[in-house]
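Small disclaimer: the values here were computed from a predicted structure and weren't measured. Chain A is the first sequence line, chain B the second, and so forth, proteins listed ahead of strands; every chain is numbered from 1. Both backbone and side-chain heavy atoms feed into the values below; hydrogens, waters and symmetry mates do not.
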Amino acid sequence: MNLEINNLNKQYKNFSLNNININVPKGKIVGFIGENGSGKTTTIKAILNLIKIDNGNIKIFNKNINKLTKKDKELIGVVLDDSFFSNILKVDDINNLMKHFYSNWDESLYYEYINEFKLPKNLSFKEYSSGMKMKLKVICAISHKPKLLILDEPTNGLDPIFRYEILNIFEKFVSNKENSIFMSSHITSDLDYVADNIVLINNGNILLDMKKDELFNKYGIVECNIEDFKNIDTYTYNLKYKDIYLLLIEDKNTFKKKYPKLIINKPTIERLLLLFIKGEK
Amino acid sequence: MNIIKGLMLKDMLIFKFYKKNYIFSFITFIILIFITSFYRNMIITGTVLLLLMFGMNSISTFSFDENSDSNKYLLSLPINRKEMVISKYLFAFLTSFITLIIGLFTTTLLTILATKELPIIDNFNYIYIIFTAVTLLICSDIPCIYKWGVEKGRMQSIIVPIFVIIILGSIVLFLMLIFPNLYTFITSNLFYKYIPLIAIILNIIFYYISYLISCKIFNNTDL
């Protein structure tokens, strides 16, 4: 495992993380989803040792996070949604700083990405568009050849073209079966595309932690009108969505036999998220 | 050490942003020092202003960090909290020390140019005292910023230095009551000879105590 979280607990006045258990195996991308305020960023802060946890144990590369050496930390790349260097710095300034912070900083790789993603060198970070800002953050996270990427909303603000490019970079990153990625995202279609495992958090509790393929095999989604809905009793969750009802079906075979006219669709992560969090039993 | 150099470079790059303002202010101070150099008792005015403005400027780097929420990101890199605190103190010290050297150099040079004489020793002593006062302000402000942040701690950054000055003043007055000869010593010529040494000792004490307090606060802060 590149990252292991065991029984993580953190109590705030109005919010708590409760017994969080997450594993990020080597060679895998783990998508971390949940609505705003569900505990995604707090969990990431705990992993990065930015907050003191009340209970539990977090290990990176099989070492407790409190015992990570500088060499260990050099193998981690991080993108934080709301935090970066001072926004008056430019691409060259950031390169000069990173050279001091990482012994394995790859300047040529950094500029290769800067040129590939067409980031202007004469503008400061604050003059960048939100997409450009995120591109630079991602470039900084991968230009020292890390083994583990911890990404908080890395595709936030990116246009579809760049999201496609960056997701391909992530896929390539884990293709050596040694590297792994733990990424939170609101853009669940990205996770449909790249994630191997999905972890769903709600109100500080893990609701679901499953391989994506298993998740898609296990669950199905049925769309039906109100008349059909009134006659159905075999579903896990239901949600009224515009003029239709969405139903989360767990036992697909029984459902097919009972309601042969209704079609069970392959789920998307967005619809699973909606049904698990907003759905009614 | 490379990390601390990098962190100080980060703060120095912020100074680059204000390059034009600093050059303009510096020229103004040089002119002020030159004008006052004709009046031997006023010569220190420019240097004192220079020290207050540039010496205290390291504090402004905290607001840049706060605006970008940089601390979180920096701690996710191979940087620890202690290195971040050390770099802030080293940067504050170097900024004020370089300003002191520039102030002493320009005061001497311009006094010689204006009056063809060396500046009187008292002027230097006043500059050392002001330098120590600036250190005291810096060393009171930094722990306040670590505790409350730049924005929230604005009021505390004013109150705490006043509080520290009152306490230190009370200690000196108390010592004077216990040791009546202390007052005579402070007002004697002998004391003036020791001002540079006393300034160095006080600077070391202020920085050390303030650094320990900041480390303790920052180590226990959730970001």
A:Tyr12 atom OH: more than 12 heavy-atom contacts under 6.0 Å: yes
Neighbour count above 12 (heavy atom, 6.0 Å) for B:Phe97 CZ: no
Gap between atom CE of B:Met12 and atom CG of A:Asp93 - 0.5 Å precision: 12.5 Å
Any side-chain heavy-atom pair of A:Asn49 and B:Leu75 under 4.5 Å: no
Pairing of B:Asp222 and A:Lys45 as salt bridge, 4.0 angstrom limit: no
Heavy-atom contact with chain A under 4.5 Å, split by part of B:Asn2: both
Smallest separation among heavy atoms of A:Leu50 and B:Arg81, with atom names: O-NH2, 3.3 Å
Contact origin within A:Lys99 toward chain B - heavy atom pairs under 4.5 Å: backbone
A:Phe85 side chain reached by B:Ser68 side chain, heavy atoms, under 4.5 Å: no
Minimum side-chain heavy-atom gap A:Lys90-B:Leu13 below 4.5 Å: no
Residue among A:Asp82, A:Leu48, A:Asn87, A:Leu80 with most heavy-atom pairs under 4.5 Å to chain B: A:Asp82
Audit row: B:Leu77, A:Val78, side chain to side chain contact (heavy atoms under 4.5 Å, CB included) steps and yes/no: CA-CA 8 Å; B:Leu77 307 178; A:Val78 175; 5.9 Å; no
CG-CG distance between B:Asn80 and A:Leu68, expressed to the nearest 0.5 angstrom: 12.0 Å
Under 4.5 Å from a heavy atom of chain A, the part of B:Thr221 involved: backbone
Interchain contact, B:Glu83 with chain A, by part (heavy-atom threshold 4.5 Å): side chain
Contact class of B:Asp11 relative to chain A, heavy atoms under 4.5 angstrom: neither
Closest approach of B:Pro78 to A:Lys70 (non-hydrogen atoms, all atoms of both residues): O-NZ, 3.0 Å
Taking every non-hydrogen atom, the tightest pair across B:Ser70 and A:Ser86: OG-N, 3.6 Å
Minimal non-hydrogen separation, A:Phe101 against B:Leu74, with atom names: CE1-CD2, 4.3 Å
Other residues, nucleotides, ligands: >12 heavy atoms within 6.0 Å of B:Lys216 NZ: no
Residue pair A:His100, B:Leu7: steps toward the side chain to side chain contact (heavy atoms under 4.5 Å, CB included) verdict: CA-CA 8 Å; A:His100 285 87; B:Leu7 289 168; over 6 Å; no
